[in-house]
2 protein chains.
Amino acid sequence: MRADARRNYERLLTEAGVAFGEKGTEASLEDIAKAAGVGVGTLYRHFPTRQDLILAVLRDRFEAMATTARDLKCDDPGRALREWLLAQLHHITATRGLTAELAVAVNNPESPLHGQCETLFAVSADLLARAKETGAVRPDLTQADLATIVHGIAWSCESDSVRQERLLDLFLEGVLV
Amino acid sequence: MRADARRNYERLLTEAGVAFGEKGTEASLEDIAKAAGVGVGTLYRHFPTRQDLILAVLRDRFEAMATTARDLKCDDPGRALREWLLAQLHHITATRGLTAELAVAVNNPESPLHGQCETLFAVSADLLARAKETGAVRPDLTQADLATIVHGIAWSCESDSVRQERLLDLFLEGVLV
DNA sequence: GCGTAAGTGGAGGCTGCCTCCGTATATTTA
DNA sequence: TAAATATACGGAGGCAGCCTCCACTTACGC
């Protein structure tokens, strides 16, 4: 790839991240191209569809999440799982405007981003397995349950991290006495 | 209101419900007008903004929910609450394509639809209070918690009612052992 | 330096949004 | 029942964003 092409690619990615964060998935692509100092044609060559651009932006976020996952250290398996779920909430919230897309990527194996989730799945699987071993969580709990509820909470609480944490804890502790 | 106006109003509402269900909030208004056998001008007179049309469609759904709420009968307060939450999940799912709007209406007191929620709130408040009295749920649980989690689950499970029910039960029973 | 493969950018066709206003029709009045 | 009038209709038209296409420009290997 030529140097100018790479430069434009990066610029577009940056501006797209900003625009999607501010205006959601429907942000004007012409505006994004303009912000990146580039013509629409260039945008469309690098990212033939809006979806491609969204996915490219999300790829970066997955990286960040994987890094968080690797750095996660906690002895108590129950706590570790909770920390990981909270970290996920945090990242999903940071991916403002793309929450829905993220949920699709995680839940739908057809999604071209599904592969990117492998690292995250591995971390979840590991933490979940350990938590089950020590009897910290009910044995029928699945990764899918966790992924779904985390996205649901992230989506329904928008950017209110206090409520997110409360709902996560309600979920973990249970509501019926 | 003239008879023809009323007829067109109803037709538009019906077609809008169908279109939003099939294509989400972004469905083409011109197509909706066409489906209703009416010009765009007529659509815009009745519903000056897309939001107005969405809200009008939602008003109908609120009616349906309120009816369900009134018909709800169950002796055990814990079970009654669960039934009500399930019914809500069901209705939210039926309101395909408008889940996000519904969540806004419920969570945001500014929403012009917020008033419509009163009946539903009253039912929730009643069921929740009774469940607390009998000690069926933890005392710090709020209506807002329930509303938020129900919308989160409905959204994240799309139309998979089995998963919705499972997640609701996980929430109610708790996940940690 | 030069040739060319690779990349650029914006004009243009298309669709959907919303407004405006000339035309049509339901309802009232006589 | 027919005229008068208030009410409603509908589509043309201006605008914005989507995406394609291709004449022009530029980086880079020789």
Side-chain angles (χ1 to χ4, degrees), chain A residues 1-60 96-101 104 111-113, chain B residues 1-60 96-101 104 111-113:
Chain A
M1 190 184 236
R2 250 165 62 171
D4 54 347
R6 157 127 281 134
R7 198 169 47 242
N8 284 337
Y9 182 93
E10 300 296 348
R11 278 183 192 160
L12 282 166
L13 217 46
T14 306
E15 295 304 332
V18 173
F20 289 147
E22 283 171 2
K23 310 183 190 170
T25 334
E26 297 308 310
S28 157
L29 296 185
E30 314 228 307
D31 285 352
I32 291 175
K34 200 174 294 173
V38 138
V40 248
T42 301
L43 185 152
Y44 279 97
R45 190 159 347 82
H46 285 301
F47 309 99
T49 71
R50 177 182 292 273
Q51 195 65 3
D52 291 324
L53 183 52
I54 292 171
L55 295 184
V57 171
L58 281 179
R59 239 180 286 274
D60 282 2
R96 275 173 50 73
L98 299 178
T99 313
E101 288 301 328
V104 170
S111 162
L113 261 182
Chain B
M1 188 183 235
R2 247 166 64 170
D4 54 346
R6 157 124 283 133
R7 198 168 49 242
N8 285 336
Y9 182 94
E10 299 296 349
R11 279 183 191 161
L12 282 166
L13 217 46
T14 307
E15 295 304 332
V18 174
F20 289 149
E22 284 171 1
K23 310 182 190 171
T25 334
E26 297 309 309
S28 158
L29 296 185
E30 314 227 308
D31 285 352
I32 291 175
K34 200 174 292 172
V38 139
V40 250
T42 301
L43 184 150
Y44 278 97
R45 187 156 352 79
H46 286 301
F47 310 99
T49 69
R50 176 183 293 274
Q51 196 65 5
D52 291 324
L53 184 51
I54 292 172
L55 294 185
V57 170
L58 281 179
R59 239 179 286 274
D60 282 3
R96 276 173 52 73
L98 299 178
T99 313
E101 287 302 327
V104 170
S111 163
L113 262 182

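So that the names make sense, note that chain A is the first sequence line, chain B the second, and so on, each numbered from 1. Just so we're clear, the structure is a prediction, and the values are computed from it rather than from any experiment.
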Note: for B:G41 and B:D4 on DNA chain C, the residue whose nearest nucleotide lies more 5' is B:G41
Between CD of B:Q51 and C1' of C:dC17 the distance, given in whole Å, is 15 Å
To the nearest angstrom, the NZ-P distance between A:K34 and D:dA16 comes to 10 Å
Checking D:dG11, C:dC17, D:dA27 against the side chain of B:Y44 (C-beta onward), the nearest is C:dC17
Does B:H46 place a side-chain N or O at less than 4.0 Å from the phosphate oxygens OP1/OP2 of D:dA8? no
Residues in residues 10-31 of chain A with a heavy atom under 4.0 Å of DNA chain C, by number, are none
Could you check whether the side chain of B:R2 and the base of D:dA8 have a donor-acceptor pair of N or O atoms closer than 3.5 Å, going by distance alone? no
Of B:P48 and B:R7, the one whose nearest nucleotide on DNA chain C sits closer to the 5' end is B:P48
Query raised in the report: Taking C-beta and beyond as the side chain, do B:K23 and B:D31 meet within less than 4.5 Å on heavy atoms?
Result: yes
Rounded to whole Å, the CE-P distance (B:M1 to C:dT25) equals 19 Å
Only one of A:R2, A:R6, A:R7 passes side chain to side chain donor-acceptor pair (under 3.5 Å) with A:D4, and that residue is A:R2
request  = Please confirm whether the backbone N or O of B:L113 pairs with a side-chain atom of B:R59, one donor and one acceptor, at under 3.5 Å?
outcome  = no
TODO: Kindly say whether A:V57 contributes a backbone atom to a donor-acceptor pair with the side chain of A:D60 at under 3.5 angstrom?
DONE: no
task = Could you tell me whether B:V40 contacts a base, only the sugar-phosphate backbone, or nothing, with contacts defined as non-hydrogen atoms closer than 4.0 Å?
result = base
Rounded to whole Å, CZ of A:F47 lies from P of C:dT8 at a distance of 11 Å
Between CD1 of B:I32 and C1' of C:dC17 the distance, given in whole Å, is 12 Å
- prompt: Is there a side-chain polar atom (N or O) of B:T42 under 4.0 Å from OP1 or OP2 of D:dA8?
  reply: no
Does B:N8 place a side-chain N or O at less than 4.0 Å from the phosphate oxygens OP1/OP2 of D:dC9? yes
Practice prompt. Show the numbers, then the answer: is there a side chain to side chain contact (heavy atoms under 4.5 Å, CB included) between B:F47 and B:L13?
Written response: CA-CA 10 Å; B:F47 310 99; B:L13 217 46; 3.9 Å; yes
Among the nucleotides D:dC18, D:dC28, D:dA8, whichever has the atom closest to the side chain of A:R50 is D:dC18
Check: Between the main-chain N or O of A:G97 and the side-chain N or O of A:T25, is there a donor-acceptor pair closer than 3.5 Å?
Finding: yes
Whole-Å distance, A:R45 CZ to C:dG9 P, equals 9 Å
Query raised in the report: Got a salt bridge between B:K34 and B:E30, using NZ or NE/NH1/NH2 to carboxylate O under 4.0 Å?
Result: no
Rounded to whole Å, OH of A:Y9 lies from C1' of C:dT8 at a distance of 17 Å
